[in-house]
There are 2 protein chains.
Amino acid sequence: AIVVEEVYKVYRSGTNVTWALRGVSLSVDRGSFVSIMGPSGSGKTTLLNIMGLLDRPTRGRVYIDGVDTLRLSDRELAEFRNRKIGFVFQTFNLVNRLTVLENIELPLIARGLAREERRKLAVDALLKAGGDVSWLSKRPNQLSGGQQQRVAIARAIVGSPTIVLADEPTGNLDTASARVVIKTFIELNKLGQTIVMITHNPEVANCSHMIYLIRDGRLVGTMDPSPE
Amino acid sequence: AIVVEEVYKVYRSGTNVTWALRGVSLSVDRGSFVSIMGPSGSGKTTLLNIMGLLDRPTRGRVYIDGVDTLRLSDRELAEFRNRKIGFVFQTFNLVNRLTVLENIELPLIARGLAREERRKLAVDALLKAGGDVSWLSKRPNQLSGGQQQRVAIARAIVGSPTIVLADEPTGNLDTASARVVIKTFIELNKLGQTIVMITHNPEVANCSHMIYLIRDGRLVGTMDPSPE
Ligand SMILES: Nc1ncnc2c1ncn2[C@@H]1O[C@H](COP(=O)(O)OP(=O)(O)OP(=O)(O)O)[C@@H](O)[C@H]1O
Ligand SMILES: Nc1ncnc2c1ncn2[C@@H]1O[C@H](COP(=O)(O)OP(=O)(O)OP(=O)(O)O)[C@@H](O)[C@H]1O
Ligand SMILES: [Mg+2]
Ligand SMILES: [Mg+2]
């Protein structure tokens, strides 16, 4: 589903030069469920953003379902991304002036669905993420950290994208809520969705099929999960 | 150091009424190191914000070092808070238009220190939080999630406040970085600082002296940490 080929990413600002990725190659097969782990600052978010077409590599290529995404224009890239990829951001990125319901429905706007149909999908996604319908008419900043995180997850899965990329989806959740989220990812994966998840939590990583280890912008190994 | 007496907090918006705290009483002795744990949405952040004088309760009182904080004007409250309390926010709340150095120095501005002296304290705080001096001239949004979290921690401890309140200080950190942060909290506590920490991580909570359990806006119990 996703092929990352010799990807480099450098950030420059003034005299500051940071090589966030230094030649990363990996391939995520369709229908797999993989985790990415590594120290803070090692390049995980940078890698996921590039896999999710939110950012372009400085060097290297990214193929999604066989398409060489570097050949796409910015506009084609956005359309491709909206259609195929659901993204859970490390900092949620919810829109504060929209309600929770409107936030979750955002990926569905371009689909020409009837209003009730869109709402039904949104409520369904929120429940799958472990959320509560009492949140629907609230604004994101009227929710707790963990509640916002679950709204962000609902928004990422509402359109049933073929690829779900999740950056630390359980960082603000207690163990019980985290388990609901992971259970949902496992179920989506059984239905055929490809899942790539960044996590610092070994218990969460152990629910995936394979763990990629990143350090200083490089892939340094893989681990077989040890479920208990 | 902190006495919370029968505190209630309600949020109203339109027809929505949420009782975030329903009669919480607790007392944190000077020099102790306590954790607060509980499900997402149970009221932990609301409680910490009230303990940190960032918010006022709907009902009930809060005493800090014997002072009845409800008798203070907003201006006196802000001054009292800036002097005594360091706060690590669940969503960091760093200022994007300032550099990392300027962000960390923010609590020191009112102290009339020489510029080199202020910088030295800031660098010291950043290293204690497990940060790196290469971050100093960057902007917060040029850092990874876990790096931003450590800058937020540095800012909270730079002024050596008598009370440190930390809301999920390790949520975005790998195990090694989290241990550096907790080690620092333990050292600050040995020097006399009172620490109150919200965490979902049992390993982190087990480093404190006592764990308060919150559920649905109520204190439901305490736990003795089981260090291994
Ligand atoms: N500004 C607000 N307006 C309305 N309701 C709010 C507001 N802030 C918080 N709440 C509600 O108050 C309750 C407690 O929120 P709080 O942020 O204290 O939870 P928490 O225990 O910190 O959760 P988490 O572990 O997810 O961070 C939640 O149900 C939340 O939806
Ligand atoms: N916009 C930017 N400008 C400059 N440097 C950046 C920028 N974004 C990220 N970096 C740097 O790139 C490196 C990798 O960052 P990244 O966010 O990918 O790390 P991460 O593995 O996700 O960390 P964490 O676990 O803390 O979230 C870090 O050293 C960071 O400081
Ligand atoms: Mg990250
Ligand atoms: Mg909270």
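Scope of the values below: all heavy atoms of this structure, side chains included, with no hydrogens, waters or symmetry mates. Each chain gets a letter, A, B and so on, in the order its sequence line appears, and its residues count up from 1.
With hydrogens and angles disregarded, no donor-acceptor distance shorter than 3.5 Å links the side chain of B/D174 to the backbone of A/H200.
Between B/E168 and A/N172, the shortest heavy-atom contact is CG-OD1, 4.3 Å.
For B/T199, no part lies under 4.5 angstrom from a heavy atom of chain A. For A/T45, no part lies near chain B; criterion is any non-hydrogen pair under 4.5 Å. Residue contact with chain B, scored on non-hydrogen atoms closer than 4.5 Å, is absent for A/Q149. Neither the backbone nor the side chain of B/R139 comes within contact range of chain A; no heavy atoms are under 4.5 Å apart.
In terms of heavy-atom pairs under 4.5 angstrom with chain A, the leader among B/Q147, B/Q148, B/Q90 is B/Q90. The choice from A/G130, A/S42, A/S144, A/G38 that makes the most heavy-atom pairs within less than 4.5 Å of chain B is A/S144. Of all the listed residues (A/P39, A/G146, A/S40), the one sharing the greatest number of non-hydrogen pairs under 4.5 Å with chain B is A/S40.
Within a 6.0 Å sphere centred on CZ of A/R56, heavy atoms belonging to other residues, nucleotides or ligands number more than 12. Other residues, nucleotides and ligands contribute over 12 non-hydrogen atoms within 6.0 Å of the CZ atom of A/R22.
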Candidate pair A/K138 and B/S13, rule side-chain contact (heavy atoms from CB on, under 4.5 Å), full reasoning: CA-CA 8 Å; A/K138 285 188 163 188; B/S13 81; 5.6 Å; no
